[in-house]
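Keep in mind that the numbers below use all heavy atoms, side chains included, and drop hydrogens, waters and symmetry copies.
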Amino acid sequence: MGFYLNSRAAYTLYQSEAGQPYFVDKTKMLGELFPFVKTGNRHICLTRPRRFGKTMIANMIASFFTKACDTKLRGLLKYRPYVQFAYMTGILPISKYSSGSELNMFAEYTMAKSRMFSEYFGFSDSEVDMLYVRYCENQEEPHYVEREELRRWYDGYAAPSGNRIYNPRSVVLALVNNNLDNYWTSSGPYDEIFCYIRNNVDSVRDDLVLMVSGTSVPLKLQLYAATSQNLKTKEEILSAMVVYGFLSYENGAVSIPNKELMDKFADMMMRKASLGYVYQLAKESERMLKATLAGDTDTMEEILELVHDTVTPILAKNTDVRWKSQC
């Protein structure tokens with residue numbers, strides 16, 4: 001948690017951000033915060049996946065509200081008369097940082113479940129439309145990035161309000177670089193997705209097959225599972241992946257949100273032999289491509305039979321579960 005008391009750092013950083021060519025103005029959020037400030041001594045926490053604009057928003061808020069006050073205590077915020085309004089942001093739910101009741105005064109707003117503030121993180125369709133017009137005006141020919149490709153690569157997240165959300169970092173870098181690429185997931189360790197499932201691979205294999213095929217998987221979301229250092233159940237694993245932004249959550253189900261993340265999952269499957277038949281299917285897809293280009297119909301028939309025998313029972317099982325749930 002950064003302290004913005006009596007500091008010009010936030011203003012300097014926000015001023016720099018606002019001068020960028022693909023900056024999106026989110027200052028309307030300040031209007032949502034005025035009622036909190038008016039009542040005094042109010043505390044809110046907004047959690048979002050990384051690279052969804054948390055730091056930019058925090059700098060904007062600090063630039064507007066900061067007053068001269070210099071203090072260093074463990075009880076920096078709670079029950080302090082100098083605190084009229086406290087704003088905290090990060091990836092994980094508060095319990096990750098809480099010791100006893102030290103932070104229990106914060107009202108928390110998550111991307112998965114809270115409608116309030118949902119429009120201020122990430123980019124909406126209309127905001128990406130605006131940025132794309134700016135891109136076409138600023139970018140010299142040729143334009144390698146097409147508007148619909150931005151949607152396919154970086155859209156796919158859902159807010160509880162029903163709004164669709166693009167990954168903002170990836171959109172901006174694609175426009176700046178005039179090139180579609182995997183920008184967001186390259187900001188963390190290569191095996192980051194696998195670290196969530198390695199302790200319970202068997203539990204999530206079938207779900208991985210379904211999600212990579214484009215199917216949503218029902219999930220009872222457990223946001224606080226992400227704070228655990230030892231994820232044990234399928235529900236905990238998938239919930240943690242929602243919190244970190246690897247999966248999208250909508251209408252009680254999770255899915256892989258876009259091509260950027262789909263490529264990451266597919267790459268993981270090609271590299272991790274411990275995924276068992278999932279790894280085998282991924283490898284067979286590579287072999288099938290080579291067989292197709294070579295016109296090797298015997299090999300193609302062999303692979304298709306394997307895929308059919310492996311995937312069909314999984315899909316049939318999933319369909320049966322859904323059919324029963326609707327009855």
Side-chain angles (χ1 to χ4, degrees), residues 1-34 36-37 44-70 85-91 109 111 117-147 149-151 153-155 157 159 163-188 245 258 260:
M1 180 172 64
F3 298 156
Y4 291 110
L5 303 178
N6 195 27
S7 170
R8 287 183 57 85
Y11 172 74
T12 302
L13 291 170
Y14 182 68
Q15 189 179 42
S16 174
E17 191 71 27
Q20 299 301 313
Y22 298 109
F23 172 75
V24 174
D25 187 351
K26 300 285 187 177
T27 51
K28 285 186 178 180
M29 181 180 175
L30 294 171
E32 304 265 10
L33 300 178
F34 291 153
F36 290 90
V37 178
I44 68 170
C45 176
L46 274 68
T47 58
R48 294 294 186 275
R50 69 164 186 240
R51 307 302 186 185
F52 268 69
K54 297 186 298 299
T55 301
M56 188 275 290
I57 293 291
N59 287 332
M60 177 191 75
I61 295 170
S63 299
F64 190 86
F65 286 115
T66 294
K67 295 182 180 181
C69 185
D70 188 11
F85 172 69
Y87 173 89
M88 184 167 67
T89 189
I91 296 173
Y109 301 88
M111 187 171 81
F117 302 114
S118 64
E119 65 184 282
Y120 302 110
F121 292 84
F123 290 162
S124 66
D125 248 333
S126 60
E127 288 170 339
V128 175
D129 285 342
M130 174 193 68
L131 293 180
Y132 191 74
V133 169
R134 198 178 302 171
Y135 161 77
C136 292
E137 294 171 348
N138 296 341
Q139 180 66 47
E140 296 181 2
E141 296 285 354
H143 297 157
Y144 291 117
V145 177
E146 296 182 3
R147 175 63 183 90
E149 286 298 285
L150 284 174
R151 178 177 288 108
W153 272 78
Y154 309 124
D155 191 11
Y157 295 93
N163 295 334
R164 309 303 302 174
I165 302 174
Y166 291 71
N167 184 308
R169 168 188 165 88
S170 298
V171 169
V172 168
L173 288 177
L175 297 180
V176 168
N177 296 335
N178 193 25
N179 182 52
L180 294 161
D181 204 347
N182 192 317
Y183 295 108
W184 180 76
T185 54
S186 64
S187 63
N258 50 44
E260 184 174 39

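Atom CG of Leu46 is separated from atom OG of Ser118 by 10.0 Å, given to the nearest 0.5 angstrom. Taking OH of Tyr109 as the reference point, atom OG1 of Thr89 lies at 13.5 Å (rounded to 0.5 Å). Taking OG of Ser170 as the reference point, atom CG of Asn182 lies at 7.0 Å (rounded to 0.5 Å). Atom OH of Tyr14 and atom CZ of Phe64 lie 11.0 Å apart (nearest 0.5 Å). Atom CG in Asp125 sits 9.0 Å away from atom CZ in Arg164 (nearest 0.5 Å). With rounding to the nearest 0.5 Å, the separation of CD1 in Ile165 from CG in Asn258 is 12.0 Å.
Asn177 pairs by the side chain to side chain donor-acceptor pair (under 3.5 Å) definition with Tyr183, not counting sequence neighbours. For Asp181, there are no salt bridge (charged side-chain N to carboxylate O under 4.0 Å, His left out) partners, not counting sequence neighbours. For Arg134, the salt bridge (charged side-chain N to carboxylate O under 4.0 Å, His left out) criterion is met by no residue, not counting sequence neighbours. Every residue two or more places apart in sequence or in another chain that forms a side chain to side chain contact (heavy atoms under 4.5 Å, CB included) with Ile61 is listed here: Met29, Leu30, Leu33, Ile57, Phe65, Phe85, Tyr87. The ring-ring contact (aromatic ring centres under 6.0 Å, His included) test applied to Tyr144 returns no partner, not counting sequence neighbours.
The closest side-chain heavy-atom distance from Thr12 to Asn59 is not below 4.5 Å. The closest side-chain heavy-atom distance from Gln139 to Leu175 is not below 4.5 Å. Val172 has its side chain within reach of Phe123: a pair of non-hydrogen atoms, C-beta onward, lies under 4.5 Å apart. Between Arg48 and Phe117, the closest side-chain pair of non-hydrogen atoms falls below 4.5 Å. Taking the side chain as every heavy atom from C-beta outward, Lys54 and Ile91 approach each other to under 4.5 Å.
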Discussion item. Walk me through whether Glu119 and Ser124 qualify under side-chain contact (heavy atoms from CB on, under 4.5 Å).
Written reply: CA-CA 8 Å; Glu119 65 184 282; Ser124 66; over 6 Å; no

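The backbone N or O of Val145 sits less than 3.5 Å from a side-chain atom of Tyr135, completing a donor-acceptor pair.
When the shell of 6.0 Å around CD of Glu146 is examined, it contains 12 or fewer heavy atoms from other residues, nucleotides or ligands. Within 6.0 Å of the CD atom in Glu141, the count of heavy atoms belonging to other residues, nucleotides or ligands exceeds 12.
Applying the salt bridge (Lys or Arg N to Asp or Glu O under 4.0 Å) test to residues at least two apart or on different chains, the pairs with a partner in residues 14-29 are Lys26-Glu127.
Aromatic pair Phe52/Tyr157: ring centres closer than 6.0 Å.
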